[in-house]
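To keep things clear, I will list the structure first and then write my remarks on it.
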2 protein chains.
Amino acid sequence: MAITIKDVAKETNLAISTISKYMNGGPVRQKNKKVIEEAVRKLGYNPNKAARGLRSSRTYMIGVVLDSLESQYFGRITARMEQVLKEKGYSIMVCCHRDSNEKAKKCVEFMVSRQVDGILILSLAGDAGYMDAAINNKIPIVALDRVPETECDSVGTNAATGAYQAVEYLVQQNHKKIAVISGTWRENPGLRTANERLNGYYRVFEDYCLKVAPEFIVEGDFSFDSGYKCMTRLWELEEHPTAVFVTNYNMTMGAMTAIHNLKIKVPEELSIVVFDDLEYSSISRPKLTSVRQPAQEVADESVKLLMRRIEGDYGDFPKCLKLPTTFHIRNSVREL
Amino acid sequence: MAITIKDVAKETNLAISTISKYMNGGPVRQKNKKVIEEAVRKLGYNPNKAARGLRSSRTYMIGVVLDSLESQYFGRITARMEQVLKEKGYSIMVCCHRDSNEKAKKCVEFMVSRQVDGILILSLAGDAGYMDAAINNKIPIVALDRVPETECDSVGTNAATGAYQAVEYLVQQNHKKIAVISGTWRENPGLRTANERLNGYYRVFEDYCLKVAPEFIVEGDFSFDSGYKCMTRLWELEEHPTAVFVTNYNMTMGAMTAIHNLKIKVPEELSIVVFDDLEYSSISRPKLTSVRQPAQEVADESVKLLMRRIEGDYGDFPKCLKLPTTFHIRNSVREL
DNA sequence: TTGAAAGCGCTAACAC
DNA sequence: GTGTTAGCGCTTTCAA
């Protein structure tokens, strides 16, 4: 087995507890400090964090449960969380729920049994029973991106406002026939982020006294395929829209693929604005005018909030933080 | 604090060790089995894995150290590893090295101090001193994608063959003026994957008795920007190439952006084949003919190998596994 | 089969 | 400042 604190004690002729104190930044005599440092280096001692956690009931481990590592947006968020947490001495354990609440529940239980100090959970809709294990064990948990229905800490972005801005921009460019490819679908009406994005659309129409054309509102499910299908369906309409608002990244890529296949010219024949501003938005031609969610800030704020909960500061529980999106005008919209 | 084995013992009037045995699938009297099950459910008992690890020196935790969570290819690999490992009862701890060997060393040490049962390390060039901590502590470690110089287990793809296939295809379509945007750069000549991809190119020229034009070999560093710059430089040449082989994903996107800006028509004016077959290859217009690395198989094989090492089977150490790439013909190459 | 007891590596009281 | 000691929650002998 590896080097333990005992070995260091033996090597230095000091007590175990002195070594422990030194390792935790406690006060140690100058001379001993040197001796210990020396021994630690020589032996290559590395404190066993599991044992430390067992004793101090602090594992310095944070559980991150997310849909999948394959999504760009969540990848960015997770990468940032890892970075920030590492600086604070925490490491992260990840677990994918693949959009199943049942699996999410398992993930959370798993993390709890690992004694994580806190949990960050990304993107899950509907009933939040999956948080029970954490709550019962008094392990702080903050939800990201999609806000569950239970009373809990959460941080996300102000999707309604972001969507509003995107659609308003279209209106300001004199578009009236504006379609939207939404992520709300009847089987899963609980998906708040999807609803919020759609609400932004409705509100613009309301505020500008425009009439909503039901056939221009098509429902996808946030997947590539649904984006493709929705766009195709839109183009089969007798009267084409002059602009379309696509409400997430995967659907955007699906829609753009359909657009290419149908040989629709953007922005000449169809203007497009999209929610999520990731790789593809600036790589595609034309570049896509888009609403950006602040991945880094979302990560930073949720970590900050979680840290406060871990320190025991529950003053403002439950906190629901909504970060503003930003709007990036590029070349996919033309003025009518 | 949470429910411990003690609570279950008290609840059932059995000894702690009996509960432990039950929890680990040991032989317990039918009657007691029922009683324990009942109590576990009622109390919501979840064994503390840290304590278990401390005792049995098995944490059922695997450390994954990788460049960054933001890369698609590694995201896929990591996602798959998580899935497979979860099925086996393992969870993963991730740590990003951001292409710094020094940070990688820290990551590995960190994982070691967490008593992980094994380490999977992705994509790192040059000297492999960063593995020392794992090796010294006899913690199995397998390297993925990029193979370090030290004697160690590794699994990657057969990049040279993949590159060969791509360039050979170009030759078969009667291209002679074939440029390559390589990922080898003088400051980091140790990057084997980059060298292998370039070697594939050289070998085709050798085998087909073609002459290599030095000005057609441009050196990037696997980044978007370098892809952009290399493509631009290529187009400033007096004599343009008729085809280009781009040796990784980020450079491909950079090169494509340059291609769009320079208004180069693909494949009419320039054919392109690329290494890595991710999202963009099939979204872009035209779709990109590309070499695909088998992310899932790489993940599966490395996990399988690591598991064998954890079980103590070092029969074939050090094993260097190279999985075949596949070649996908799409619309970015024209026949001359 | 079951239970008592030792101990994994560490921290935290407490006495010195 | 330093050392002694008692556990954190669990597994694992070893007796019964």
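In the text below, chain A, chain B and the rest are named by the order of the sequence lines, each starting its count at 1.
Along DNA chain C, the nucleotide nearest B:Arg55 and the nucleotide nearest B:Ala15 are compared for position; the residue whose nucleotide lies closer to the 5' end is B:Ala15. Between B:Asn32 and A:Ile5, the residue whose closest nucleotide on DNA chain C is further toward the 5' end is B:Asn32.
For B:Lys86 and B:Glu82, the salt-bridge test passes: some basic side-chain N is under 4.0 Å from an acidic carboxylate O. Ion pairing between B:Asp67 and B:Arg98 fails under the 4.0 Å rule for side-chain N and carboxylate O.
Contact between the side-chain N/O atoms of A:Asn24 and the OP1/OP2 oxygens of C:dT11 is found at a separation under 4.0 Å. Contact annotation: B:Lys6 reaches the phosphate of D:dC8 (side-chain N/O to OP1 or OP2, under 4.0 Å). The side chain of A:Arg52 contributes an N or O atom lying less than 4.0 Å from OP1 or OP2 of C:dT11.
Going from atom CG of B:Leu43 over to atom P of D:dG9 covers 14 Å, rounded to whole Å. The separation between B:Lys10 atom NZ and D:dC10 atom C1' is 16 Å, rounded to whole Å. In this entry the distance linking CG of B:Leu54 with C1' of D:dC8 reads 9 Å, nearest Å. Rounded to whole Å, the distance from CE on A:Met23 to C1' on C:dA12 is 17 Å. A:Arg58 has its CZ atom 24 Å from the P atom of C:dG9, to the nearest Å. Separating the NZ atom of A:Lys21 from the C1' atom of D:dT2 is a distance of 6 Å, rounded to the nearest angstrom. Between B:Arg114 atom CZ and C:dG9 atom P the separation is 17 Å, expressed in whole Å. Taking atom CD of residue A:Gln115 and atom P of nucleotide C:dG9, one finds them 19 Å apart after rounding to whole Å.
For the residue pair B:Leu120 and B:Ser302, the shortest heavy atom distance occurs at CD1-O, 4.1 Å.
When distances are taken from the side chain of A:Ser20 to each of C:dC10, D:dC10, C:dT11, the shortest belongs to C:dT11. Of the candidates C:dT11, D:dG3, C:dT2, the closest approach to any side-chain atom of B:Thr18 belongs to C:dT2. Distance from the side chain of B:Pro27 is smallest to C:dT1 among C:dA12, C:dT1, D:dG1. Comparing C:dA12, C:dC10, D:dG9 by their nearest atom to the side chain of A:Ala51 picks out C:dC10.
A donor atom on one side chain and an acceptor atom on the other are not found under 3.5 Å apart for B:Gln115 and B:Thr59. B:Tyr22 and B:Glu37 share a donor-acceptor pair across their side chains, judged by distance under 3.5 Å alone.
Across all strands, B:Tyr45 comes closer than 4.0 Å only to sugar-phosphate atoms, never to a base (heavy-atom distances). Across all strands, A:Thr4 comes closer than 4.0 Å only to sugar-phosphate atoms, never to a base (heavy-atom distances). Among the protein residues, B:Leu14 comes within range of the sugar-phosphate backbone only, with heavy atoms under 4.0 Å from sugar or phosphate atoms but none that close to a base.
For the pair B:Thr18 (side chain) and B:Leu14 (backbone), a donor-acceptor distance under 3.5 Å is absent.
Contact of A:Ser17 with D:dT4 (side chain to base): a donor-acceptor pair of N or O atoms is detected under 3.5 Å.
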